[in-house]
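Here is the structure we will look at, set down as structure tokens.
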Amino acid sequence: VINGSGTVTGLAVGGLPDSIVDADTLASSVNIIKQADVWRMTSHTGNVGSTATTVANWERMDDASFDKIGTGVSESSGLFSFPVTGIYEVTFYGICQARDGAVTQGIVQLESTRNNGSAYDTFGSGEFSALVNNVNMVAIQVLFDITDVSNHKFRIRISTGANSIRLLGDTDYNRTSLRIIRLGDT
């Protein structure tokens, strides 16, 4: 039993003595989510062909029923930065549309940098195919081990091998969005 002062009492014979385990001791071993954020594209991207393009029209979700936990990530020109070190789960949900003809391979990539943008690696990728003007959903989920908030960042890029594609966005609700949750310490 945890009494009003937060102390565990009444353990059976052979258990820990009274007052050995308190609420602070219990809480120190529990992983509590201290950072969670959601971002969405505010409008459709332009039509994109074979040259990979960084998606840059993002806003933090601003619905009345949403509030981030903690500081949240920051974004500048499509490049996302983490507020504190730790292990983060990043989930991308994208509504992709084929444009100017059928698309056999539309590509969405989540790229990461560990050197503040000097070089990028594809950390996660999703692909789709569609007839002209048809839409598909692409999802990408990755875990980041962020040990340096000044240099570890990520971005979303899109491209296609034939014709063109775009991601659909809206400022009033999530069509293409990112969910970022800090799961624990690095």
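For this chain, numbers begin at 1 and follow the sequence in order. Note: hydrogens, waters and symmetry copies are ignored here, and every other heavy atom, side chains too, is used. Nothing here was measured: the structure is a model prediction, and the numbers come from that model.
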Rounded at 0.5 Å granularity, tell me how far [atom1] in [X] sits from [atom2] in [Y].
| X | Y | atom1 | atom2 | answer |
| --- | --- | --- | --- | --- |
| I69 | I33 | CD1 | CD1 | 6.5 Å |
| F144 | T85 | CZ | OG1 | 15.0 Å |
| I165 | Q97 | CD1 | CD | 10.5 Å |
| E59 | R40 | CD | CZ | 5.0 Å |
| M61 | D67 | CE | CG | 10.5 Å |
| K34 | D185 | NZ | CG | 7.0 Å |

request  = Step by step, work out the side-chain contact (heavy atoms from CB on, under 4.5 Å) result for F123 and I140.
outcome  = CA-CA 9 Å; F123 205 57; I140 302 169; over 6 Å; no

query = Stepwise, does the side-chain contact (heavy atoms from CB on, under 4.5 Å) test hold for F66 with N174?
reply = CA-CA 12 Å; F66 171 77; N174 296 356; over 6 Å; no

message = Just so I know, are the side chains of T71 and Q35 near enough to count as touching, which here means a heavy-atom distance under 4.5 Å?
response = yes

ask   = Does a side-chain heavy-atom distance below 4.5 Å link L178 with F154?
value = yes

Going hydrophobic residue to hydrophobic residue with side-chain gaps under 4.5 angstrom, can you get from [X] over to [Y]?
| X | Y | answer |
| --- | --- | --- |
| I181 | F82 | no |
| L110 | V138 | yes |
| I87 | I180 | no |
| I156 | V142 | yes |

query = Does E75 have any side chain to side chain contact (heavy atoms under 4.5 Å, CB included) partners at least two apart in sequence or in another chain, and if so, which?
reply = W39, W58, F80

Tell me the closest heavy-atom pair linking [X] and [Y], and the distance in Å.
| X | Y | result |
| --- | --- | --- |
| V55 | I158 | CG2-CG2, 4.2 Å |
| T53 | V48 | OG1-CG1, 3.5 Å |
| F128 | A98 | CE1-N, 4.4 Å |
| D37 | G72 | OD2-CA, 3.3 Å |
| Q109 | T122 | NE2-OG1, 3.5 Å |
| T104 | S129 | O-CB, 3.5 Å |

Main chain of [Y], side chain of [X]: is a donor-acceptor contact present, judged purely on distance under 3.5 Å?
| X | Y | result |
| --- | --- | --- |
| R60 | V73 | yes |
| T160 | Q105 | yes |
| D63 | S65 | no |
| N57 | S43 | yes |
| R157 | A52 | yes |
| T176 | I95 | yes |
| D148 | S150 | yes |

query = Under the side-chain contact (heavy atoms from CB on, under 4.5 Å) criterion, do F92 and L167 qualify, and how do the steps go?
reply = CA-CA 12 Å; F92 168 84; L167 290 174; 4.2 Å; yes

ask   = Looking at N115, T113, N116, which one forms a side-chain hydrogen bond (donor to acceptor under 3.5 Å, both in side chains) with K153?
value = N116

key: Pairing residues for S81 by the side-chain hydrogen bond (donor to acceptor under 3.5 Å, both in side chains) criterion, not counting sequence neighbours   = none

request  = Please test T186 against I146 for side-chain contact (heavy atoms from CB on, under 4.5 Å), starting from the C-alpha separation and ending with a verdict.
outcome  = CA-CA 7 Å; T186 186; I146 303 302; over 6 Å; no

inquiry  = Between T91 and Q141, is the side chain to side chain donor-acceptor pair (under 3.5 Å) condition met? List the steps.
reply    = CA-CA 4 Å; T91 306; Q141 187 172 46; 3.2 Å; yes

